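The shown structure was predicted, so the numbers you read here are calculated from the model rather than taken from an experiment.
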Protein chains: 2
Amino acid sequence: MITENENKKSSVCNCLNMRRASQAITEIYDHYLVPSQISISQFSILKHIHAMEPVSVSALAAEIRLDRTTLVRNLKPLEHLDLIHDIAQPGTRNRQLCLTIKGKEKMEQAHVYWNQAQAQIEAQLGQEDSQILQDLLLKIEVMVP
Amino acid sequence: MITENENKKSSVCNCLNMRRASQAITEIYDHYLVPSQISISQFSILKHIHAMEPVSVSALAAEIRLDRTTLVRNLKPLEHLDLIHDIAQPGTRNRQLCLTIKGKEKMEQAHVYWNQAQAQIEAQLGQEDSQILQDLLLKIEVMVP
DNA sequence: TTATTTTTAGTGTATATACACGTTTATTAT
DNA sequence: ATAATAAACGTGTATATACACTAAAAATAA
């Protein structure tokens with residue numbers, strides 16, 4: 001019996017193939033993260049804030065390698081959910097983003113699900129291919145200044 | 001001398017690594033396509049329409065593997081630019097999307113730049129790694145139904 | 001032929017992305 | 001001390017993404 005997946009073919013376009021794989025892997029991680037009610041993208045932001053807090057928007061954007069103005073927008077939902085807050089004094093330039101207690105709990109909870117997604121990917125690819133993929137992805141990343 | 005790129009490191013998260021690489025490669029293709037005034041994403045849509053015309057939104061979305069409602073939105077700019085048009089009779093269910101003359105010209109022009117991007121990627125990765133990457137990306141893609 | 005179901009399409013809402021632009025705060029030069 | 005520069009931040013605008021929902025058209029069943 002032929003499943004739908006076996007019909008999938010690579011495109012000739014490296015970019016399209018990469019974008020499809022990126023969407024697929026995002027879908028996998030998001031699926032595992034459903035119980036935590038945050039996306040893999042949001043989880044990543046929380047993790048980075050936790051590692052750098054208190055941190056400015058610019059510093060955080062540079063570390064995540066995300067456009068600063070994009071990050072400004074992505075932070076809003078997290079603020080509304082009361083997962084992060086800004087401890088900077090009003091009238092100062094740098095924001096000082098931190099996780100709230102709720103944010104730290106959410107991050108720790110989500111980490112469990114993230115681990116499951118991570119394990120699934122590496123199990124399906126195998127140890128060796130996982131490493132090869134990681135190297136190739138980095139090779140592509142550094143092509144762009 | 002240490003350049004900025006050499007400082008880039010892989011994340012522990014497969015998803016983040018993939019998303020970064022996807023953004024990087026998209027940036028490369030978009031950069032090459034600047035003279036054509038369309039994005040790689042738009043180029044891809046034009047190519048697929050050209051191969052399938054006249055085509056419905058649903059059929060096109062299935063082929064590109066893009067959410068149908070996303071495609072509805074992505075088609076709008078292309079219609080405004082007069083690159084595509086719908087030859088279906090009003091009051092019928094299926095749209096029949098086709099390239100306009102202008103759209104076909106744009107596609108052919110953009111194809112030249114797309115080729116340059118494609119060549120750069122494959123030159124920098126090398127023949128062998130290009131194939132390995134393509135296989136790994138497909139392997140990830142088929143993980144999702 | 002009429003009723004039901006399926007297919008196709010679009011909109012409301014929300015997040016994600018980034019360029020161009022302007023504003024405010026901090027730093028450096030004069 | 002003041003002027004010029006740099007750094008940090010946010011908004012306007014536009015594209016990209018997709019889920020939930022609605023509407024209309026076509027196919028099928030009764």
Side-chain angles (χ1 to χ4, degrees), chain A residues 15-16 18-31 33-34 37-46 54-81 83-84 86 88-97 144, chain B residues 15-16 18-31 33-34 37-46 54-81 83-84 86 88-97 144:
Chain A
C15 186
L16 187 54
M18 181 69 81
R19 288 161 62 91
R20 283 174 174 168
S22 173
Q23 287 186 340
I25 202 169
T26 298
E27 210 172 303
I28 291 169
Y29 278 74
D30 277 339
H31 176 259
L33 282 169
V34 162
Q37 295 175 299
I38 59 172
S39 66
I40 179 63
S41 163
Q42 294 178 320
F43 174 69
S44 176
I45 293 174
L46 293 185
V55 64
S56 69
V57 175
S58 295
L60 187 58
E63 183 66 26
I64 304 182
R65 264 169 272 169
L66 194 59
D67 185 89
R68 185 185 52 76
T69 68
T70 298
L71 183 56
V72 168
R73 259 71 177 227
N74 292 0
L75 291 175
K76 285 192 199 298
L78 297 176
E79 287 168 330
H80 291 151
L81 290 169
L83 299 177
I84 62 175
D86 177 12
Q89 298 300 317
T92 55
R93 191 170 61 178
N94 288 303
R95 287 178 72 178
Q96 296 188 271
L97 302 168
V144 169
Chain B
C15 185
L16 186 54
M18 181 70 80
R19 289 161 64 90
R20 283 174 175 169
S22 173
Q23 287 187 341
I25 203 169
T26 299
E27 209 172 304
I28 291 169
Y29 278 75
D30 277 340
H31 177 257
L33 282 168
V34 163
Q37 294 175 297
I38 59 172
S39 65
I40 180 64
S41 162
Q42 294 177 320
F43 174 69
S44 176
I45 293 174
L46 293 185
V55 64
S56 69
V57 176
S58 294
L60 187 57
E63 182 66 28
I64 304 183
R65 263 169 272 169
L66 195 59
D67 185 89
R68 186 186 51 77
T69 67
T70 297
L71 184 55
V72 168
R73 259 71 178 229
N74 293 359
L75 291 175
K76 287 193 198 296
L78 297 176
E79 287 167 330
H80 291 151
L81 290 169
L83 300 177
I84 63 175
D86 177 13
Q89 298 299 318
T92 55
R93 192 172 59 179
N94 287 306
R95 288 179 71 178
Q96 295 188 272
L97 301 168
V144 170

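As a whole-Å value, the separation of B:Asn94 CG from C:dT6 P is 18 Å. Rounded to an integer number of Å, the gap from A:Arg95 CZ to C:dA26 C1' is 18 Å.
In this structure, the separation between CG on A:Leu97 and CG on A:Leu46 is 11.0 Å, given to the nearest 0.5 Å. For the atom pair B:Glu27 CD and B:Ser22 OG, the distance stands at 11.0 Å (nearest 0.5 Å). Rounded to the nearest 0.5 Å, atoms OH (B:Tyr29) and OG (B:Ser44) are 11.5 Å apart. Taking SG from A:Cys15 and CG from B:Asp30, the interatomic distance works out to 7.0 Å, rounded to the nearest 0.5 Å. Rounded to the nearest 0.5 Å, atoms CD (A:Gln42) and CG (A:Leu75) are 10.0 Å apart.
B:Gln37 meets the side chain to side chain donor-acceptor pair (under 3.5 Å) test with no other residue; sequence neighbours excluded. Residues passing the side chain to side chain donor-acceptor pair (under 3.5 Å) test with A:Ser41: none are found, sequence neighbours excluded. Qualifying side chain to side chain donor-acceptor pair (under 3.5 Å) partners for A:Arg19, counting only residues two or more places apart in sequence or in other chains: B:Thr26. For the side chain to side chain donor-acceptor pair (under 3.5 Å) test, no residue two or more places apart in sequence or in another chain qualifies with B:Gln96. Residues satisfying the salt bridge (Lys or Arg N to Asp or Glu O under 4.0 Å) criterion with A:Glu79, sequence neighbours excluded, are A:Arg95. Evaluation of the salt bridge (Lys or Arg N to Asp or Glu O under 4.0 Å) rule for B:Arg68 yields no partner, not counting sequence neighbours.
At least one side-chain heavy atom of A:Leu71 sits less than 4.5 Å from a side-chain heavy atom of A:Ile45.
Contact check, A:Lys76 against D:dC9: no side-chain N or O comes under 4.0 Å of OP1 or OP2.
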Quiz item: Reading nucleotides 15-24 of chain C from the 5' end, what letters show protein touch, with B for base, S for backbone sugar-phosphate only, - for no heavy atom under 4.0 Å?
Solution: SSBBBB----

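Contacts between residues 55-62 of chain A and DNA chain C, counted as heavy-atom distances below 4.0 Å, involve no residue at all.
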Can you give each donor-acceptor pair under 3.5 Å made by side-chain atoms of residues 56-67 of chain B, sequence neighbours left out, with the distance rounded to 0.1 Å?
residue, atom, partner, partner atom, Å
B:Ser56, OG, B:Ala59, N, 3.1
B:Arg65, NH1, B:Glu141, OE2, 2.3
B:Arg65, NH2, A:Lys9, O, 3.2
B:Asp67, OD2, B:Thr69, N, 2.9
B:Asp67, OD2, B:Thr69, OG1, 2.5
B:Asp67, OD2, B:Thr70, N, 3.4

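Direction of the helix axis in the helix from C:dT1-D:dA30 to C:dT30-D:dA1 shifts by 0° between the two five-pair termini, rounded to 10°.
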Do any N or O atoms of the protein come closer than 3.5 Å to N or O atoms of nucleotides 2-4 of chain C, and which pairs are they?
none

